[in-house]
Amino acid sequence: MLSKSKTVLSFCLFVLLLLSFGITYEQVSRNNTLLKYPANGSLVDIGSRFLHIDCRGEGTPIVILESGLDTLGSLSWSAVHDQLAQTTRTCAYDRAGIMWSDPRPRTNNLMQDIASDLNKALVISNEKPPYIMVGHSFGGVYITKFTELFEKKVAGIVLIDSPHPEQMDLVQDVEIPLILSLKNSVFQIVKPIMDIIGLTRIINNQASFAFPNQSQYHSEAVKAFAPLSDHTLSQEILNYSVGLKQIHSLRNFGDRPMFVLGNIVNYTKMSDLQLANAGLSRDIVPAVMEQDRYMFNDQASWSSNSHLKLFHNTSHYIQFEKPTEVINTVLFVISEVKRQAD
């Protein structure tokens with residue numbers, strides 16, 4: 001009996017030692033990350049915390065780049081940022097808690113706080129409007145909220161594969177497999193622990209994934225910051241439905257120049273497992289694909305001066321897959337904004 005107690009005690013001590021090593025490893029790695037990958041832009045004091053904003057080039061209107069629900073932050077635009085900056089002032093930034101930006105305190109209105117953070121950083125940095133807001137994925141929802149709150153500052157809008165306010169309505173009755181629901185619930189509990197003890201970093205270090213037209217340095221930087229960014233990302237993901245509801249009625253951009261880029265995903269080529277992981281079932285695939293077409297066409301109707309281009313052979317990250325298309329789209333909106341101003 002005594003021998004078993006010693007064995008249990010030894011095991012517990014081993015686990016504690018392992019956890020202590022993991023926590024120390026993660027803290028040292030976080031400090032090294034800041035040294036190895038310094039911020040590209042400026043850390044702007046927006047009141048008790050800093051927001052990272054990277055503005056390049058000269059000219060007006062200023063292009064503001066908003067990333068989607070990922071941990072790429074300002075580096076989501078690394079394949080297009082420099083070329084856009086050759087034409088006009090172009091700013092990418094990291095939302096609070098992503099990459100180089102400090103996390104925000106607990107909030108009851110994430111959408112409004114994200115827009116307010118960006119506006120503060122732009123004002124303090126003396127980046128004067130008019131702005132052309134460019135949003136990828138859920139970044140399109142964020143810039144829609146920004147436009148509502150600061151409409152006089154926004155002269156043009158570009159949505160890149162962004163969700164529609166009614167996106168969840170069509171699939172709200174789809175029954176997600178129980179195993180997937182359990183997997184997601186467990187992940188929400190386990191993932192923060194993985195981040196703290198360094199397990200996320202160890203797993204990331206073994207991965208060799210990079211987007212097309214993304215430098216290895218930027219890919220490694222995103223991986224290095226991921227354990228810091230993941231907590232904020234999970235909060236933003238949980239706010240997904242709430243965010244869509246907040247922009248449900250925001251569908252009138254007047255005559256602002258606007259361009260919508262969309263990717264029509266061919267769900268029919270996915271396996272049953274891939275569909276399940278996306279929260280879909282094969283019997284609703286035709287309806288979902290039709291919904292995607294409706295979504296982009298409807299978005300393009302939100303301005304009387306709008307254009308639409310759909311892709312069928314690219315990924316969600318159009319700015320990496322087809323950077324020239326994104327650059328040309330933004331340049332077109334710039335020219336339209338200048339034409340209106342003349």
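Taking 4.5 Å as the limit, every side-chain heavy atom of P165 sits out of range of all side-chain heavy atoms of Q246. In this structure the side chain of F211 never reaches within 4.5 angstrom of the side chain of S219, judged on heavy atoms. Taking the side chain as every heavy atom from C-beta outward, L110 and R104 approach each other to under 4.5 Å. Here the side chains of K120 and V44 are not in contact, with every heavy-atom distance at 4.5 Å or above. Between Q319 and N213, the closest side-chain pair of non-hydrogen atoms is not below 4.5 Å. Side-chain contact check for E127 versus I64: every heavy-atom pair is 4.5 Å or farther apart. Looking at F320 and L72, their side chains come closer than 4.5 Å, going by heavy atoms from C-beta outward. In this structure, K245 and M111 have side chains that are not in contact, with every pair of non-hydrogen atoms separated by 4.5 Å or more.
Distance check: I46 CD1 to D117 CG gives 4.0 Å after rounding to the nearest 0.5 Å. Here the OG1 atom belonging to T324 is positioned 6.5 Å from the CD atom belonging to Q83, to the nearest 0.5 angstrom. With rounding to the nearest 0.5 Å, the separation of OG in S137 from CG in N263 is 11.0 Å. Atom CE of M133 sits about 13.5 Å away from atom NZ of K145, to the nearest 0.5 Å. For the atom pair E166 CD and R251 CZ, the distance stands at 4.0 Å (nearest 0.5 Å). Rounded to the nearest 0.5 Å, atoms CG (N239) and CG (L244) are 9.5 Å apart.
Y142 has its ring centre no less than 6.0 Å from the ring centre of F146. Taking the six-membered ring where the residue is Trp, the centroids of F225 and W100 are separated by under 6.0 Å.
When all heavy atoms of I62 and C91 are compared, the pair lying nearest together is CG2-SG, 3.9 Å. The heavy-atom pair separating L308 from A300 by the smallest distance is CB-CB, 3.9 Å. Listed here is the closest heavy atom pair of T60 and P130: OG1-CD, 3.7 Å. Of all non-hydrogen atoms in L51 and A121, the two that sit nearest each other are CD2-CB, 3.8 Å. Taking both residues in full, the closest heavy atoms of G59 and R89 are given as O-CB, 3.3 Å, listed atom of the first, atom of the second, then distance. Residues S229 and T71 share a closest heavy-atom pair of CB-CG2, 3.6 Å.
With E336 as the partner, the side chain to side chain donor-acceptor pair (under 3.5 Å) test is satisfied by one option alone out of Q340, K338, R339: R339. Considering I157, V260, T144 as possible partners of Q299, the one that fulfils the side-chain contact (heavy atoms from CB on, under 4.5 Å) test is V260.
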- Test side-chain contact (heavy atoms from CB on, under 4.5 Å) applied to L43 and D102, step by step: CA-CA 9 Å; L43 295 174; D102 293 334; over 6 Å; no
- Task: Output, in order, the C-alpha distance, side-chain angles, deciding distance and verdict of side-chain hydrogen bond (donor to acceptor under 3.5 Å, both in side chains) for D70 and Y317.
- Result: CA-CA 11 Å; D70 52 44; Y317 285 85; 2.7 Å; yes
- Take Y294 and H164 through the ring pair (Phe, Tyr, Trp, His ring centres under 6.0 Å) test and state the conclusion after the steps. CA-CA 9 Å; Y294 157 78; H164 188 280; 5.4 Å; yes
- Message: Before you tell me yes or no, could you show the steps for E66 and F138 under side-chain contact (heavy atoms from CB on, under 4.5 Å), namely the whole-Å CA-CA distance, both residues' side-chain angles and the distance that decides it to 0.1 Å?
- Response: CA-CA 9 Å; E66 180 79 69; F138 209 75; over 6 Å; no
- Task: Give the intermediate values and the outcome of side-chain contact (heavy atoms from CB on, under 4.5 Å) for residues R256 and E151.
- Result: CA-CA 11 Å; R256 289 183 181 87; E151 62 173 326; 3.5 Å; yes
- Message: Run the side-chain contact (heavy atoms from CB on, under 4.5 Å) test on K128 and N126 for me, step by step, so that the C-alpha distance in whole Å, both residues' side-chain angles and the decisive distance to 0.1 Å come before the verdict.
- Response: CA-CA 6 Å; K128 297 179 180 179; N126 200 32; 3.0 Å; yes
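Side chain of S78 to main chain of L75: a donor-acceptor pair is present (N/O by atom type, distance under 3.5 Å, no hydrogens or angles). When atom types are taken as modelled, the side chain of H52 and the backbone of I98 share no donor-acceptor pair closer than 3.5 angstrom. The backbone N or O of M99 lies less than 3.5 Å from no partner atom in the side chain of S101, so there is not a single donor-acceptor pair.
Both F150 and V141 are part of a single hydrophobic cluster, where members link through side-chain heavy atoms under 4.5 Å apart. Under the 4.5 Å side-chain contact rule for hydrophobic residues, L149 and I124 share a cluster. One hydrophobic cluster, built from ILVMFWY side chains closer than 4.5 Å, holds both L250 and V154. Cluster membership for M295 and I264, using ILVMFWY side-chain heavy atoms within less than 4.5 angstrom, is shared. Linking ILVMFWY side-chain heavy atoms closer than 4.5 Å, directly or via other members, places W302 and F296 in a single hydrophobic cluster.
Among residues at least two apart or in separate chains, salt bridge (Lys or Arg N to Asp or Glu O under 4.0 Å) pairs with a member in residues 302-326 are K309-E325.
Residues passing the side-chain hydrogen bond (donor to acceptor under 3.5 Å, both in side chains) test with T107, sequence neighbours excluded: D113. Under the salt bridge (Lys or Arg N to Asp or Glu O under 4.0 Å) criterion, K153 pairs with no residue, sequence neighbours left out. The side-chain hydrogen bond (donor to acceptor under 3.5 Å, both in side chains) test applied to S67 returns R95, not counting sequence neighbours. Residues meeting the salt bridge (Lys or Arg N to Asp or Glu O under 4.0 Å) test with R106, sequence neighbours left out: none.
V337 shares a hydrophobic cluster with V63, L65, W77, V80, L84, I132, V134, V158, I160, F259, L261, F311, I318, V326, I327, V330, L331, F332, V333, I334; the chain of contacts runs through ILVMFWY side chains whose heavy atoms sit under 4.5 Å apart.
Between D94 and S74, the side chains place a donor N or O and an acceptor N or O closer than 3.5 Å (distance only, hydrogens not considered).
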